[in-house]
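Heavy atoms only: backbone and side chains are in, while hydrogens, waters and symmetry mates are out. Both counts, for ligands and for their atoms, begin at 1 and track the order of listing.
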Amino acid sequence: MLRYFTSGESHGEALVAFLSGFPAGLSIGQEFVDRDLWRRQQGYGRGGRMKIESDKAHFLSGIRHGKTIGSPIAVLLENRDWQNWKESLPVEPGDAKKHKRVPSPRPGHADLAGALKYDFTEARYVLERASARESAARVAIGALAKLFLRELGIEVLSHVIAVGAASIADREIAWERIVPLSQKNEVLLSCADADAEQCMKEEVDKVLRTGDSVGGVFEVVAHDVPPGLGTYAQWDERLDAMLASAVMSLQAVKAVEIGAGIHAAYSPGSAVHDEIGYHRNSGFSGFTRTHNNAGGIEGGVSNGQEIRVRGYLKPISTLRRPLQSVDFSTREPVKAAYERSDVCVVPAAGVAAEAMVALTLARCALDKFGGDSLRETKRNCTGYLEQLKSY
Ligand code: EPS
């Protein structure tokens, strides 16, 4: 079984991610992994931290001579900002006077719930782990999952469909328009529609002026996913449930939608369900669809259409013009603490969500096709694709 988890504090020495159950024999391109890490750092509305960090994957184990060897993979990402935090956030007891307290919890952040849960007198340790910095570690192993999926013919990318009130969420953007976004060397807001992207920039400019923050919606698209990943047989093996959980687990995501799920709830069945046709040489099995409102999943199983998952991001909870809060020590009303922060992270969250979708699909593909080596997995996958062709 493919398993993964991460470790690390936002201003600690490093982030670490672990990936276990990955087949042997997959070539790992360092450049590909680092490019995804770079993509996650981009976007208009990022804060000062991204000028400090330049994320690079340092593989510690599980890869030898450029290929996976079936052993657990550990990857380390250095936090360059650690140089500025060594004294205030040391591993050893250190000097209490240098400790940077977070004296009042920020509404919307994990600060208050975390401090209550772990019995901390303030929120420093909470935000250190709750921070979206952690998503960089997921992107590193997500890139490995993408390389694996590529071998099976599957690609995963994202684009932004809304920032604040600027939205193209009512339109389906074709895969061919999403691919070039990932190849850009200057990222604004990762929207395929240039005019809409300018409106999105204006939404960010507005909150930059007012000391506020802004959220939005990204969409992850998994292209050329064969029918048959996930199953309706058991509740926790449904692909839509797994994807929803994976994307919801990202910092600041408050809702997840598969296909046109939200609009569908307000529409009659005749306007929602994707009618079925047949064209001998089309797709994986010859069956065709008039549209893809299902987002590529029916009954918890991939149906051969593109998988489309949307993540709805609340606005960043650190505000330059802070909301009302309470001092942890005195319990007196005060403004919430402010620390350097981003004001918009929708494109970055999209890249992190690509990683989560890729890891989820890789897990499902390995469940379906098995294999300890890439050769074995690919052979099993090819056999299944032939079976679909002759269905
Ligand atoms: C974050 C606060 C900011 C963000 C950070 C998430 O960091 P800092 O407090 O160091 O300025 O930049 O995101 C990242 C570091 C990252 O790599 O995405 C928070 O409080 O969640």
Exercise. What pair of heavy atoms forms the shortest contact from Q41 to R46, and how long is it?
Worked result: O-NE, 3.6 Å

Closest candidate by heavy atom, reference [atom], pool [options]:
atom	options	value
atom 1 (C) of ligand 1	A110, G48, S317, S131	S131
atom 4 (C) of ligand 1	V345, D342, L127	D342
atom 15 (C) of ligand 1	R340, R40, R133	R133

Problem set entry | Distance-only N or O hit between ligand 1 and R49, under 3.5 Å |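 In this structure, R49 places an N or O atom under 3.5 Å from an N or O of ligand 1.
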
Exercise. When only distance counts, is D55 in polar contact with ligand 1, meaning an N/O pair under 3.5 Å?
Worked result: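 Looking only at distances, the answer is no, because the N/O contact criterion of under 3.5 Å is not met.
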
For this session: Just say parallel, tilted or perpendicular for the rings of Y125 and F120, cut-offs at 30° and 60°.
Result: perpendicular

Exercise. Any idea how H11 and W85 line up, ring-wise: parallel (<30°), tilted (30 to 60°), or perpendicular (>60°)?
Worked result: parallel

Exercise. Is the shortest distance from a heavy atom of A136 to ligand 1 less than 4.0 Å?
Worked result: no

Exercise. Looking at R124 and E122, does any basic side-chain N land under 4.0 Å from a carboxylate oxygen?
Worked result: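 Salt bridge flag = no for E122 with R124.
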
Problem set entry | For H109, the ligand 1 atoms whose distance to one of its heavy atoms is below 4.0 Å |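 The atoms of ligand 1 under 4.0 Å from a heavy atom of H109 are 20 (O), 21 (O).
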
For this session: Could you list which atoms of ligand 1 come closer than 4.0 Å to a heavy atom of H11?
Result: 8 (P), 9 (O), 10 (O)

Exercise. What do we get for M50 next to ligand 1 when only non-hydrogen atoms under 4.0 Å count, side chain, backbone, both or neither?
Worked result: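 The side chain, only.
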
For this session: Indicate, as side chain, backbone, both or neither, the part of R46 found under 4.0 angstrom from ligand 1 when only non-hydrogen atoms are considered.
Result: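 Under 4.0 Å from ligand 1, R46 contributes side-chain atoms alone.
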
Check: [X]/[Y] side-chain N/O donor and acceptor closer than 3.5 Å:
X	Y	value
R379	S373	no
E237	T231	no
S317	R106	no

